[in-house]
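Report on one structure; see the data block that follows.
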Amino acid sequence: MSRVVLVTGGTRGIGAAISMALRNAGYKVAANYAGNDEKARAFHDVTGIPVFKWDVSDYVACGEGVAKVEAELGGIEVLVNNAGITRDAMFHKMTPQQWHEVINTNLSGLFNMTHHVWGGMRDRSFGRIVNISSINGQKGQMGQVNYSAAKAGDLGFTKALAQEGAAKNITVNAVCPGYIGTEMVLAVPEKVLNERIIPQIPVGRLGEPEEVARCVAFLISDDAGFITGSTISANGGQFVV
Ligand SMILES: NC(=O)c1ccc[n+]([C@@H]2O[C@H](COP(=O)([O-])OP(=O)(O)OC[C@H]3O[C@@H](n4cnc5c(N)ncnc54)[C@H](OP(=O)(O)O)[C@@H]3O)[C@@H](O)[C@H]2O)c1
């Protein structure tokens, strides 16, 4: 399967696992990142996957980035909107900056990226879009009003756009990971992880990035052509929708 895939935030954590899983499945993969050149270079050196730097919260930069990827690899047939950040604070302490950074990256990033590949997908009558939302967009999480709002928004985006894409053979789906052992989660103090988070996960452990990557690999496959507007929850039973 040599389709062209772009994974945003594809150089670290879950995104890196997605990039590698899809490359190993034979896709032509490009990985975007925001600014951590060192990690991106190391990822490229190990995997050979081309990396492209731009900020998904910047609409114009997304258009330029998509044009660069398409010039190098060809029309983007699969987009994985994975880039995301947290800026946690209790609501009474949350600053407008913390609110806007998270909304601009985790929610507007989906518009900024998808808008630039949508025309090509419609013209080719084929497309696969997978949005990485979160368990905390499904259930809400204290200290994450900004993040929960953005990730819930990602699910609304997915369901509405799926209806627009269906007639053009473009599927739009979401994956909601639970707590996965990446830098984002391992930044949580160990005591909080061991005493508060892991005990809430029925399978008794954090998820692995590769477990999320396998959900994405399925959703973009030809086998999943009848699945659109749906959400796969990969959370170890922590929240059953
Ligand atoms: N980890 C979890 O337990 C968990 C659970 C549920 C959902 N998620 C979601 O899964 C996705 C990946 O999370 P992760 O834990 O793998 O994160 P991570 O390890 O922190 O990696 C984030 C990746 O996104 C990139 N990125 C961040 N902001 C960006 C921007 N504005 N423009 C372009 N790229 C940007 C980063 O680039 P740089 O390296 O340049 O910074 C990096 O490649 C996120 O959407 C997150 O919300 C994660």
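Order of appearance sets the numbers: ligands from 1, and atoms from 1 within every ligand. Keep in mind that the numbers below use all heavy atoms, side chains included, and drop hydrogens, waters and symmetry copies.
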(message) Please list, in number order, the atoms of ligand 1 under 4.0 Å from a heavy atom of Trp54.
(response) 32 (N), 33 (C)
(message) Counting only heavy atoms closer than 4.0 Å, does ligand 1 sit against the backbone of Val185, its side chain, both, or neither?
(response) side chain
(message) Assess, by modelled atom type and distance only, whether the side chains of Asp154 and Asn131 contain a donor and an acceptor separated by less than 3.5 Å.
(response) no
(request) Name the closest protein heavy atom to atom 22 (C) of ligand 1, giving the residue it belongs to and the distance to 0.1 Å. (result) Gly84 O, 4.0 Å
(request) Can you measure from CE (Met142) to OG (Ser148) and round to the nearest 0.5 angstrom? (result) 11.0 Å
(message) Counting only heavy atoms closer than 4.0 Å, does ligand 1 sit against the backbone of Ile180, its side chain, both, or neither?
(response) both
(request) Before signing off on this row, confirm whether Met184 and ligand 1 have an N or O atom pair separated by under 3.5 Å. (result) no
(request) Say whether Lys151 and ligand 1 are in contact under the criterion: heavy-atom distance to a ligand atom below 4.0 Å. (result) yes
(message) Under a plain distance cut-off of 3.5 Å, with no hydrogens placed, do Thr8 and Asn82 share a side-chain donor-acceptor pair?
(response) no
(message) Side chains of Asn146 and Gln98 only: does a donor on one sit below 3.5 Å from an acceptor on the other?
(response) no
(message) At less than 4.0 angstrom from any non-hydrogen atom of Asn32, what atoms of ligand 1 do you find?
(response) 33 (C), 34 (N)
(request) Identify, for atom 48 (C) of ligand 1, the protein heavy atom at the shortest distance, and state residue, atom and that distance. (result) Ile14 CD1, 3.6 Å
(message) Determine whether a donor-acceptor pair (N or O, by modelled atom type, separation under 3.5 Å) exists between the side chain of Lys28 and the backbone of Leu73.
(response) yes
(message) Among all protein heavy atoms in this structure, tell me which lies nearest to atom 15 (O) of ligand 1, with the distance rounded to 0.1 Å.
(response) Thr182 OG1, 2.5 Å
(request) Considering only non-hydrogen protein atoms, determine which one is nearest to atom 32 (N) of ligand 1 and report residue, atom name and distance to 0.1 Å. (result) Val56 N, 2.9 Å
(request) Record the part of Asn36 in heavy-atom contact with ligand 1 below 4.0 Å; permitted values are side chain, backbone, both and neither. (result) both
(request) Say whether, by atom type as modelled, one donor and one acceptor occur between the side chain of Thr182 and the main chain of Met184 under 3.5 angstrom. (result) yes
(request) State the CD1-CG distance between Ile170 and Leu161, to the nearest 0.5 angstrom. (result) 7.5 Å
(message) I'd like the name of whichever of Arg12, Glu183, Glu38 reaches closest to atom 20 (O) of ligand 1 through any heavy atom.
(response) Arg12
(message) At under 4.0 Å between heavy atoms, is it the side chain or the backbone of Lys39 that contacts ligand 1, or both, or neither?
(response) neither
(request) Do me a favour and list the nearest non-hydrogen protein atom to atom 29 (C) of ligand 1 with residue, atom name and distance? (result) Ala34 CB, 3.4 Å
(message) I'd like to know if Glu77 pairs up with Arg122 as an ion pair, taking the criterion as any Lys NZ or Arg NE/NH1/NH2 lying under 4.0 Å from an Asp or Glu carboxylate oxygen.
(response) no
(request) Around atom 5 (C) of ligand 1, find the nearest protein heavy atom and jot down its residue, atom name and distance. (result) Gly178 O, 3.0 Å
(message) Against ligand 1, does Thr8 come closer than 4.0 Å with any heavy atom?
(response) no
(message) Just to check, does Gly181 reach to within less than 4.0 Å of ligand 1 when the distance is taken from its heavy atoms?
(response) no
(message) Can you see whether Ser233 engages Gln138 through a side-chain donor-acceptor pair at a distance of less than 3.5 angstrom?
(response) yes
(message) Cation-pi check for Phe126 against Arg3: NZ or CZ below 6.0 Å from the six-membered ring centre and within 45 degrees of the axis, yes or no?
(response) yes
(message) Show the atoms of ligand 1 that are less than 4.0 angstrom away from any heavy atom in Thr105.
(response) 28 (N), 31 (N)
(message) Within ligand 1, which atoms have a heavy atom of Asn82 less than 4.0 Å away?
(response) 10 (O), 11 (C), 12 (C), 44 (C), 45 (O)
(request) Check each atom of ligand 1 against the heavy atoms of Tyr147 and keep those under 4.0 Å away; list them by number with element. (result) 6 (C), 7 (C), 8 (N), 9 (C), 46 (C), 47 (O)
(message) Just to verify, which of Leu22, Ile18, Leu79 counts as forming a side-chain contact (heavy atoms from CB on, under 4.5 Å) with Val5?
(response) Leu22
(message) Testing the basics here: between Lys151 and Gly137, what is the closest heavy-atom pair and its distance to 0.1 Å?
(response) CB-CA, 3.6 Å
(message) Applying a heavy-atom cut-off of 4.0 Å, say which part of Ser133 lies close to ligand 1: side chain, backbone, both or neither.
(response) backbone
(message) I need the atoms of ligand 1 closer than 4.0 Å to a non-hydrogen atom of Tyr179, numbered in the order shown.
(response) 3 (O)
(message) For the CZ atom on Arg196, are there more than 12 heavy atoms of other groups (residues, nucleotides or ligands in this structure) within a distance under 6.0 Å?
(response) no
(message) Working note: Asn173 + Thr228, criterion side-chain hydrogen bond (donor to acceptor under 3.5 Å, both in side chains); need CA distance, chi angles, decisive distance, verdict.
(response) CA-CA 6 Å; Asn173 291 291; Thr228 193; 4.6 Å; no
(request) Could you find the nearest protein heavy atom to atom 43 (O) of ligand 1 and give me its residue, atom name and distance? (result) Thr11 OG1, 3.2 Å
(request) Taking atom CZ of Arg23 as the centre, report whether more than 12 heavy atoms of other residues, nucleotides or ligands fall under 6.0 Å from it. (result) yes
(request) Heavy-atom contacts with Ile85 under 4.0 Å: which atoms of ligand 1 show up? List them by number with element. (result) 27 (C), 28 (N)
(request) Output the list of atoms in ligand 1 that are nearer than 4.0 Å to some heavy atom of Pro177, sorted by atom number. (result) 5 (C), 6 (C), 7 (C)
(message) Quick test: of every protein heavy atom, which one is nearest to atom 25 (C) of ligand 1, and how far off is it to 0.1 Å?
(response) Gly9 CA, 3.4 Å
(request) Say whether Ser57, considering both its backbone and side-chain N or O atoms, lies within less than 3.5 Å of an N or O atom on ligand 1. (result) no
(message) Please work out, at 4.0 Å between heavy atoms, whether the side chain, the backbone, both, or neither of Tyr33 comes within that distance of ligand 1.
(response) both
(request) Tell me, yes or no, whether the heavy-atom count around Lys68 atom NZ, taken from other residues, nucleotides or ligands under 6.0 Å, exceeds 12. (result) no
